There are 2 protein chains.
Amino acid sequence: MSTDDVTGRPADGPRRRDASATRRALLVAARTRFTRLGYDRTTLRDVAADAGVNLALVKRYFGSKEGLFKAALATAPRFLGEGSGLPRGRAALAEALSRQLAAGAWTEFGEHPVLMLLRDSGDEQVTELRRRALAEFGRQVLEASGAAPAPDAELRAELLVALGVGVAVVRSAVGLRPLADATPEDLLGPLRDIVEGLLGPPSG
Amino acid sequence: MSTDDVTGRPADGPRRRDASATRRALLVAARTRFTRLGYDRTTLRDVAADAGVNLALVKRYFGSKEGLFKAALATAPRFLGEGSGLPRGRAALAEALSRQLAAGAWTEFGEHPVLMLLRDSGDEQVTELRRRALAEFGRQVLEASGAAPAPDAELRAELLVALGVGVAVVRSAVGLRPLADATPEDLLGPLRDIVEGLLGPPSG
DNA sequence: CCACCAAGTAATCATGCGTTGACATGGTCC
DNA sequence: GGACCATGTCAACGCATGATTACTTGGTGG
């Protein structure tokens, strides 16, 4: 398998015996490979090589491949909002969405971070983590949109989550054009229309 | 690995020496496992066991695992439209979408067929197939929606494709609720709003 | 300077998997 | 019935990979 040079390794200077740096290097390399290649196609040997570190150290610091994967997953941003929550109002929501979806600078992941979130290690615990992360995002959308208490408001919010997931997949993993090449500005108009259509007439 | 009994094997009667039936059985088993588990976690031994067939026969009939995968992929429906194209008009489009996305009876795939389409074997040729299939779907959407010749009409159509992909992923692979439990009727209203928001005021 | 322990290394093990080739068997046509 | 080919079976190989163990190295505190 052994795909080479997925990440431009930080070309570290002569760092010697720095445990936390080693940990960090492994994590960065792991995120990139897991995000791009998925769980199975990511080999510990490649990750260790990318990190410039001995293979056995992933056992020392993360216990196992699964442990490394979960640690990498735990560093995934909350997709949108990044903890700070989504901006209020639908126009702002649409804009935040378009920015996040079109951003190209995911150096820590190599691709859109939501792909890391979708990667499957086969562990049910991981599936649950993913579900929770996306549900949380749905909640933020619901809240940010100043939702009318419609009975299907939650469903509509999750459709927006699904849209975000789909766009990330189609852009990063499929490369469908023109979607894959669209800039935040290109995306903004259509996304605004979707948000307004989905969530009802503008309210903020 | 060896997950067992992913598919309720057809409990075939004493079929003996029927090449085409063997081929078909392998294909059905392969579709289910590939769709549910992905390429890497699907083992030929499990597929053969599901099909009630000897392992070496996949070499005979499909040459290799990659060959089996491509054959399985080739049987994936065109996602929507199923060759016949999408119904004309936006209301009909929204309805077709909601039906396809909410359908539960994908016995040949075990999950929504779009997941099969997203499965990655690492082969670039497969990526291209996928791109083509989704692009084709985008074209159908564009055409079915009686698009105004807006400069970003294509982009908007592909956003609808992305939505479909995202919903399939979030429903089948993530299990986000309430989205995962939504019926076609539940989906219809919100989808209609999205379609109309995205594609402009109703025109058919 | 020395002892000690964390950090790092190298070699090896165990296993699961795709692939392969040699062999058995059934059905069909002369 | 016998030859012949398609169909199906069996056992094994080779390889990649995750895991593990025994060992070395370096720096830090006494």
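Chain identifiers are assigned alphabetically (A, B, ...) following the order of the sequence lines, protein sequences preceding nucleic acid strands; residue numbering begins at 1 within each chain. These values consider heavy atoms only, across backbone and side chains, with no hydrogens, waters or symmetry-generated copies. Values in this document were obtained by computation on a predicted structure and should not be read as measured data.
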Per the under-4.0 Å heavy-atom filter, residues of residues 119-130 of chain A near DNA chain D come out as none
Starting at CZ of B:R33 and ending at C1' of C:dC17, how long is that distance when rounded to a whole Å? 14 Å
Output the rounded distance in Å from CG (A:L57) to C1' (D:dA19). 14 Å
Could I get the full list of side-chain hydrogen bond (donor to acceptor under 3.5 Å, both in side chains) partners for A:E66, not counting sequence neighbours? A:Y39, A:S121
Report the distance from atom CZ of B:R23 to atom P of D:dG8, rounded to the nearest whole Å. 12 Å
Output all residues satisfying side-chain hydrogen bond (donor to acceptor under 3.5 Å, both in side chains) with B:K65, sequence neighbours left out; order by chain, then residue number. none
Reckon A:A19 touches a base, only the sugar-phosphate, or nothing at all at heavy-atom distances under 4.0 Å? sugar-phosphate
Whole Å only: how far is the CG atom of A:D46 from the P atom of D:dT17? 7 Å
Going by side-chain hydrogen bond (donor to acceptor under 3.5 Å, both in side chains), name the residues that satisfy it together with B:D120, two or more places apart in sequence or in a different chain. none
Holding to side-chain hydrogen bond (donor to acceptor under 3.5 Å, both in side chains), I want the full list of residues that pass it with A:S64, two or more places apart in sequence or in another chain. none
Atom CZ of A:R60 and atom C1' of D:dA19: how far apart are they, to the nearest Å? 15 Å
Could you tell me whether A:L44 contacts a base, only the sugar-phosphate backbone, or nothing, with contacts defined as non-hydrogen atoms closer than 4.0 Å? sugar-phosphate
Among C:dG8, C:dT25, D:dA19, which nucleotide has an atom closest to any side-chain atom of A:K65? D:dA19
Quick one: do B:R139 and B:E143 make a salt bridge, cutoff under 4.0 Å? no
Earlier contact from the 5' end, DNA chain D, for B:A56 and A:K59: B:A56
Would you check if there is a donor-acceptor pair between the side chains of A:S20 and A:R24 at a distance under 3.5 Å? yes
Going by salt bridge (Lys or Arg N to Asp or Glu O under 4.0 Å), name the residues that satisfy it together with A:R99, two or more places apart in sequence or in a different chain. A:E95
Taking OP1 and OP2 of C:dG8, is either one under 4.0 Å from a side-chain nitrogen or oxygen of A:T22? yes
Write down the distance between CZ (A:R41) and P (C:dC17), rounded to a whole number of angstrom. 15 Å
Distance, rounded to the nearest Å, where B:N54 contributes CG and C:dA24 contributes P: 15 Å
Please pick, from C:dT12, C:dT20, C:dA7, the nucleotide with the shortest atom-to-atom distance to any side-chain atom of A:R45. C:dT12
5'-most by nearest nucleotide on DNA chain C - A:L55 or A:Y61: A:Y61
Taking atom P of C:dT9 as reference, at what distance in whole Å does atom CG of A:L26 sit? 11 Å
If you compare every side-chain N and O of A:T43 against the phosphate oxygens of D:dA16 (OP1, OP2), does one of them come in below 4.0 Å? no
